[in-house]
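Before we start, here is the structure in question, set down as C-alpha cells.
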Amino acid sequence: MSSESESQLQLFNTLSGTVEPLVPVGAPALRMYACGPTVYDYGHIGNFRTFLHVDVLRRFLKQQGVPVQHVMNITDVDDKIIRNAASAGKSIEDYSAKFEQAFFEDMEWLGIERPEHLPRATDSIPEMVALIQKLAEKDTAYQIEDGSWYFRIANFPEYGKLAKKDLEGLEDGARVDNDEHEKDAARDFALWKAVKGDERHWETPLGPGRPGWHIECSAMARKYLGESFDLHAGGEDLMFPHHENEIAQSESATGHTFARHWMHVRFLLVEGRKMSKSDNNFYTLRDLLLKGYRASAIRFLLISVPYRHQLNFTFDGLIESTNAIDRLRTFHQRMLKGGFAAGLNPEIAAATAKARAGYTASLANDLNTAEARAAIFDLVRAANSAADAGTLQSENVTEILSVLTLFDGVFAVLTDNDAAITREAIAWAEREDRMDEVATNLVEKLAFSDADIDALVAERTQAKKSRNFARADAIRNDLLAKGILLEDGKDGVRWKRQ
RNA sequence: GCACCGAUGGCGAAGUGGCUAACGCGCUGGUCUGCAAAACCAGUAUUCAUGGGUUCAAAUCCCAUUCGGUGCUCCA
C-alpha cells in the first residue's frame, strides 16, 4: 500500500452517509464553506468546538499539499441582533461590530487560522436579492401579502436529501405552526422578511426588508466559491433545516450540485449535560480564560475528541489537557536543547517513522485526532526513555523535531502564548468592568515578571551552592505559591508557569 | 411522541468480528535527586450500560430495556 493512499484524507460525507475521499474538483484549491458565527454575543465553547475542527481540517489539508479556499460568513443581521441592538440603543452595525471584533480575537487566542474570506451578510445583500429573483423567475420563490418572500419546497423534489427527511412526514408534523402567514405550504421557509415597524431594513427590488437566515450562505458561497464547490461544514444542528434549505435554494437557482461533501461537527456536553444558560454550565472562551484556564488547554481539549463524537467538556478535562500539553512542551524543549551524541539510533528512527506514519494515517482516517495524539505520545515516551538511557542521538533528534513540527502544524499547542493571552483577556475584562469575574491570584501570578523570577532563581542557586537548603527550598516554595514551578536539571534550572 | 446517534478503567478517550482493550490525566510503588520537579520502569478494566441472541470467535453484528445527546422550532 502506497504512502499516498495512506495520507489521502477520507472524510465522512453527511450527504452520502459514508466516508469518502475529500478532493478538490475543477480547481487546484479545495473550495470550502463553513457557517460562521452570528455576532450577537461572545462565542461559547460549543461554537469553538466546531470552528476548531474546521481549523484542524484546513490545517491538515494544507499539510497534505492541498491549498484551500475557505469562506466563513459573519452573520451580522438576524432577529437576536436586531433585538439586542435595540435594547442597547445601538445600530445593528455598531452592536455587531463589537462582537465580530471579539470573535476574531477569540479565534486568534485559540490558534484558529483565518479563512481566506470572511464576508459579512450585510455586505452581500445584492447577491441575495439576485438569487431570490432567480428563484422567483422559476416560481420557486413567491411573495405573500405582508411582502415577505418564501421558498416553494414543492418545486424541489430532492428536499430532505441531506438530513434524510421524509417530506410527507414533515409537512404533517409541522402543520400546527402554520397559522400566522399565508404560506402555500407549512414547510416553506422565508427567503426575505418584509420590514416590520422601524427596524433596520434594505430597500431592494424585492421590497423593503431583510434577508432570511438561509439565503446569506447560499449567496455568499456562490459569490466566493462558485455554483458548485467541494465542502460545506458546520455544527450538527445546522444540518436541518439550515443546510437543507441552502441546498434547496442554491440547486433550484443554479441547477447544479451545491456542495459535494458535507461535514457536521457533533455537539459537546459540559460536565455530562447539555450546555445551557439555565443549567449554569454555559461558558464562553472568555469565561474560561478569566477563571485561569489556558487558551492552549481549551484548544487541545476541544480538538482531542474526533469531530463526529460527542465530547464531554469538563474542568478536570481542562486540567488534564494542561498537563498533557506540559508534557509535550517539556519534551519539545528537551529535544531543542540538544547535547546528544552524533549519529542515528536505528530503533528510535523506527519509532519516529512509526509516529509520523501513525499521525498522518490517523488524521487521514476521518480526522481521528485522538489516535493522532496517541501516535505522538508513543514517540515522546520512546524518545524520553532513550534520552534517559543515553542512547538518543543527534540525527534522531532532528527527525523527532520534524515530526513534532508536523504535529504542531495541526494541533498548534507547542508554542506557549498562554500567559500573554490571559493578560489580554484580563485587559478586556478591565475595559468591560468585569474584573469581579477574574479568578483570585490570577492577576498577581501574571504580574510576576520573568526578570523577577530569574533573580530569585539565581539567588536560590547561590543558596544551594553554599548548601543552604532551607533558604533554597523557601524560595522554591514561594515561587510555587505564585504558580511558578522550578526544575533542577543537570544543566541548570528551568522554570515554568503552572 | 416520532426519527437518528451514543454508552469502554478513578476521569477523558481510541478501537466497530479474531494479536496481552491504544493514548492522555490521576493514583500507588521504584529509579534519579540534598529534598523536589522533570523523565523512566512497574502496577492500576479477565473486561467494554443491562439482559438475551447470532458466530469456531463479539467491546465490535442482531433484538429488547435503561440512561444521555441531536433533529422535528432559534441554536456551533
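Below, chains carry the letters A, B, ... as their sequence lines are ordered, and counting in each starts from 1.
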Are more than 12 heavy atoms from other residues, nucleotides or ligands located less than 6.0 Å from atom CD of A/E487?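 Yes - once you tally the heavy atoms of other residues, nucleotides and ligands closer than 6.0 Å, there are more than 12.
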Per nearest nucleotide of RNA chain B, the residue lying toward the 5' end, A/H44 or A/A375, is A/A375
Review point. Do we see a donor-acceptor contact under 3.5 Å between the side chains of A/D454 and A/W495?
Key: yes
Within the 4.0 Å heavy-atom criterion, would you say A/L269 contacts the bases, only the backbone, or no part of the nucleic acid?
sugar-phosphate
note: A/D237, atom CG; B/rU70, atom C1'; distance rounded to Å ~ 9 Å
- CD of A/E271: more than 12 outside heavy atoms within 6.0 angstrom?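 Buried by this count: over 12 neighbours within 6.0 Å.
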Does A/N323 contact B/rG26 through a side-chain donor or acceptor facing the base, at a distance under 3.5 Å?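 Flag unset: no donor-acceptor pair detected.
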note: A/E487, atom CD; B/rC32, atom P; distance rounded to Å ~ 19 Å
Q) Looking just at side-chain N and O atoms, do A/E216 and A/N73 make a donor-acceptor pair shorter than 3.5 Å? A)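 A/E216 vs A/N73: donor-acceptor pair found between side chains.
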query: Between B/rA13 and B/rU65, how far is it from one C1' atom to the other, in whole Å?
result: 26 Å
Result for side-chain contact (heavy atoms from CB on, under 4.5 Å) between A/D55 and one of A/H70, A/R114, A/E113 points to A/E113
Whole-angstrom distance between B/rG15 and B/rA45, as gauged at atom C1'
15 Å
From the list A/D326, A/T415, A/D418, side chain to side chain donor-acceptor pair (under 3.5 Å) partner of A/S296 resolves to A/D418
With a 6.0 Å cut-off (strictly less than), is the heavy-atom count around NZ of A/K161, excluding the residue itself, greater than 12?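 Above 12, so yes.
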Suppose you measure atom P in B/rA22 against the same atom in B/rU47; what distance do you get, rounded to whole Å?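 Going atom to atom, P in each nucleotide, I get 15 Å.
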task = Classify the ring geometry between A/Y283 and A/F315 as parallel (under 30°), tilted (30 to 60°) or perpendicular (over 60°).
result = perpendicular
| query | Quantified in whole Å, what is the P atom distance between nucleotide B/rA36 and nucleotide B/rC48? | reply | 41 Å
Checking A/H214 side chain against A/Q249 main chain: does a donor-acceptor pair fall under 3.5 Å?
no
Would you mind reading off the distance between A/F240 atom CZ and B/rC75 atom C1', rounded to a whole angstrom?
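So the CZ-C1' distance, A/F240 to B/rC75, works out to 15 Å.
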- Task: Kindly state whether the pair A/F377 / B/rG24 counts as stacked, where counting means centroids closer than 5.5 Å and planes tilted less than 30° apart.
- Result: no
Remember a base hit wins even if backbone is also touched, and classify A/R460 as base, sugar-phosphate or nothing at under 4.0 Å, heavy atoms.
base
Spacing of the C1' atoms in B/rU16 and B/rC2 (rounded, Å) | 28 Å
Note to self: Can a donor-acceptor pair be found, under 3.5 Å and without considering hydrogens, that links the side chain of A/D287 to the backbone of A/T284?
What the structure shows: yes
Regarding the side chain of A/R494, the nearest nucleotide among B/rG24, B/rA38, B/rC72 is B/rA38
Sidechain-backbone polar pair: A/H44 side chain, A/G46 backbone, donor-acceptor under 3.5 Å: yes
When rounded to whole Å, the OH to C1' distance for the pair A/Y307 and B/rC5 reads 14 Å
note: A/Y293, atom OH; B/rC25, atom P; distance rounded to Å ~ 18 Å
(message) With a 3.5 Å cut-off and heavy atoms only, can you find an N or O donor on one side and an acceptor on the other between the side chain of A/D488 and the base of B/rC35?
(response)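 By the distance-only test, yes, there is a pair.
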Open item on the list: Output the rounded distance in Å from CG (A/N468) to P (B/rC35).
Closed with: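 Interatomic distance, CG of A/N468 to P of B/rC35: 17 Å.
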* Asked: Okay, side chain of A/K354, backbone of A/L379: is any donor-acceptor separation there less than 3.5 Å?
  ->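 Flag not set: sc A/K354 to bb A/L379 has no pair under 3.5 Å.
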Protein heavy-atom contacts under 4.0 Å, written 5' to 3' over nucleotides 6-21 of chain B as B (base), S (sugar-phosphate only) or - (none), form the string ------SSSS------
### Message
With rounding to the closest Å, how many angstrom separate the P atoms on B/rG52 and B/rG10?
### Response
23 Å
For this session: Run the ring-centre check on A/F99 versus A/Y42 and record whether the distance is less than 6.0 Å.
Result: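 Distance test on ring centres: under 6.0 Å, yes.
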Got a sec? Which of residues 72-86 of chain A come in under 4.0 Å of RNA chain B, heavy atoms?
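Heavy-atom cutoff 4.0 Å gives A/K80.
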Rounding to the closest angstrom, what is the interatomic distance between B/rU60 and B/rU44 at atom P?
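Result for the P pair: 24 Å, nearest Å.
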Under the rule of Watson-Crick or G-U wobble with both distances under 3.5 Å, where | means paired to another strand and [ ] a crossing pair, RNA chain B maps to ((((((((.[[[..)..(....]]]((((((.......))))))....[[[[[..)....]]]]])))))))....
Subject >> A/R327 vs B/rA39: side-chain N/O to OP1/OP2 distance below 4.0 Å >> reply: yes
Taking atom C1' in both B/rU70 and B/rA76, compute the distance separating them and give it to the nearest angstrom. 12 Å
Original post:
If we ignore angles and hydrogens, is there a donor and acceptor under 3.5 Å between the side chains of A/D146 and A/S148?
Top reply: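 Yes, side-chain donor-acceptor contact under 3.5 Å.
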- request: Please work out if A/H264 contacts a base, only the sugar-phosphate, or nothing of the nucleic acid, heavy-atom cut-off 4.0 Å.
  value: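 Result for A/H264 = nothing.
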Examine the base of B/rA36 for any acceptor or donor lying under 3.5 Å from a partner atom in the side chain of A/R476, and report the outcome as yes or no.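 Yes.
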Examine B/rU70: is either OP1 or OP2 under 4.0 Å from a nitrogen or oxygen in the side chain of A/K274? Give yes or no.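 The answer is yes; a side-chain N or O of A/K274 sits under 4.0 Å from OP1 or OP2.
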- prompt: Has A/R187 got a side-chain N or O lying under 4.0 Å from the OP1 or OP2 atom of B/rU73?
  reply: yes
Answer yes or no as to whether B/rA76 has its base stacked against A/F267, where stacking requires a ring-centre separation under 5.5 angstrom and planes under 30 degrees apart.
yes
Between A/N384 and A/I319, just flag the one whose closest nucleotide in RNA chain B comes earlier from the 5' side.
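The residue whose closest nucleotide sits nearer the 5' end is A/I319.
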Round to a whole Å and report the spacing from CG of A/L268 to P of B/rG68.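 Whole-Å distance recorded here is 18 Å.
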Give a yes/no answer on whether the side chain of A/W213 brings an N or O atom under 4.0 Å of OP1 or OP2 in B/rC75.
yes
Let me know the distance between CD of A/E216 and P of B/rC74, rounded to the nearest Å.
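Result: 14 Å.
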